There are 2 protein chains.
Amino acid sequence: MLEVLRAADDHPTAAEVYERVRRASPRIGSATVYRTLALLVSTGRALELNLGDGAAARYDANTRRHDHAVCDGCGRAVDIDHPVPDGMMAEIARRSGFAITGYDLQFRGLCPDCQANGSDPARTAGGTGQQ
Amino acid sequence: MLEVLRAADDHPTAAEVYERVRRASPRIGSATVYRTLALLVSTGRALELNLGDGAAARYDANTRRHDHAVCDGCGRAVDIDHPVPDGMMAEIARRSGFAITGYDLQFRGLCPDCQANGSDPARTAGGTGQQ
DNA sequence: GTGATACTGAGAGTCGTTCTCAACCAGCGG
DNA sequence: CCGCTGGTTGAGAACGACTCTCAGTATCAC
């Protein structure tokens, strides 16, 4: 299962992980996939992503701290490795009074492919908003 | 409905909005609430928030660009008004090739209340991870 | 009043996820 | 080899959030 996740260069949803794992062991059930995914996440060997489009959670075997850019056209998510400056975190902690332990950051826009193929976001026109 | 949202200083879920609206007009149905919420979001008079905890979407009548800090203890979300520097956006756009139109940023940690009341995250221990 | 149109509420349906429970399996003592 | 125990599994039911469908109702022009 972790192998399936490691082999995936995209960010598969639980359903996609289920489908891929089923190719290797067809008798597996979805409950086991969700259980194992939860286990991997809780032991820190995978990351659960909520890419803010209200859709299913995605999973990522890249456990280093990183963010994502999500394409409004095709829904693809690519990794972004560019941390928020510490100074900004400290400033926000100071202003809000929160003890900040982490953050989730997703950029949205159009991936190079969708920019090339004319810019009509065919998929989930609208998206989550919050912009 | 927009009044209910404007009166809310928290960030209510659709179910909470439904409940509050129902106090004013008890015969309203949930479909109408979801429809109206979607309308408000699509006309830019409200913001839909996915706070990444896998739970229901939240709504916010504050339509200015802003981010949120979510408490791992009580689930409360407070507004943060501290934009990501333009330089960082440009750098990420350049590196990823994306035409970036916006971003969603949520900080997580413990709010001042939960820091005071001992720091056992009673609620959704675990959270979304991605950190 | 009549018909066209738009909106509404109730409830069914869908989707992603979690729960429940019987079946199964490995390990162990006899 | 047999039965027991405790953990894991898969199937399917259950759940919560959300969307769809459809009949009923309101609104309007005529």
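In what follows, every chain begins at residue 1, and chains take the letters A, B, ... in the order their sequences are listed. Being a predicted model, the structure only gives us computed values, none of them experimental.
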Think Tyr34(B) has a side-chain N or O under 4.0 angstrom from the OP1 or OP2 of dT19(D)?
no
Side-chain N,O (Thr32(B)) to OP1/OP2 (dG9(C)) below 4.0 Å
yes
Assess the residue pair Asn50(A) and Asp104(A) against the criterion (side-chain hydrogen bond (donor to acceptor under 3.5 Å, both in side chains)); give the C-alpha distance rounded to whole Å, side-chain angles, the decisive distance to 0.1 Å, and a yes or no.
CA-CA 9 Å; Asn50(A) 279 287; Asp104(A) 298 343; over 6 Å; no
To the nearest Å, how far apart are [X] [atom1] and [N] [atom2]?
X	N	atom1	atom2	value
Arg27(B)	dG24(D)	CZ	P	14 Å
Met1(B)	dG9(C)	CE	P	11 Å
Asn50(B)	dG16(D)	CG	P	19 Å
Arg58(A)	dG16(C)	CZ	P	11 Å
Glu48(B)	dT19(D)	CD	C1'	13 Å
Ile28(A)	dG10(D)	CD1	C1'	9 Å
Arg22(A)	dT9(D)	CZ	C1'	15 Å

At 4.0 Å (heavy atoms only), tell me whether [X] reaches a base, stays on the sugar-phosphate, or touches nothing.
X	value
Arg35(B)	base
Ala56(B)	sugar-phosphate
Ala38(A)	nothing

Expected list for residues 38-45 of chain A: side-chain donor-acceptor pairs under 3.5 angstrom, two or more places apart:
| unit_1 | atom_1 | unit_2 | atom_2 | d |
| --- | --- | --- | --- | --- |
| Ser42(A) | OG | Ala38(A) | O | 3.4 |
| Ser42(A) | OG | Leu39(A) | O | 3.0 |
| Thr43(A) | OG1 | Leu39(A) | O | 2.9 |
| Thr43(A) | OG1 | Leu40(A) | O | 3.2 |

Is the shortest distance from a Lys or Arg side-chain nitrogen in Arg6(B) or Glu3(B) to a carboxylate oxygen in the other one below 4.0 Å?
no
With no hydrogens and no angle check, is any side-chain donor or acceptor of Gln106(A) less than 3.5 Å from a backbone partner on Ala77(A)?
no
Indicate the ring-plane relationship of His68(B) and His11(B), choosing parallel, tilted or perpendicular according to the 30° and 60° boundaries.
perpendicular
Listed once per pair and sorted, the ring pair (Phe, Tyr, Trp, His ring centres under 6.0 Å) pairs that draw on residues 15-47 of chain A, sequence neighbours left out:
none
Which atoms form the tightest heavy-atom contact between Tyr59(A) and Thr13(A), and what is the distance?
CD1-C, 4.4 Å
Contact list please: residues 9-21 of chain B against DNA chain C, heavy atoms, distance less than 4.0 Å, in numerical order.
none
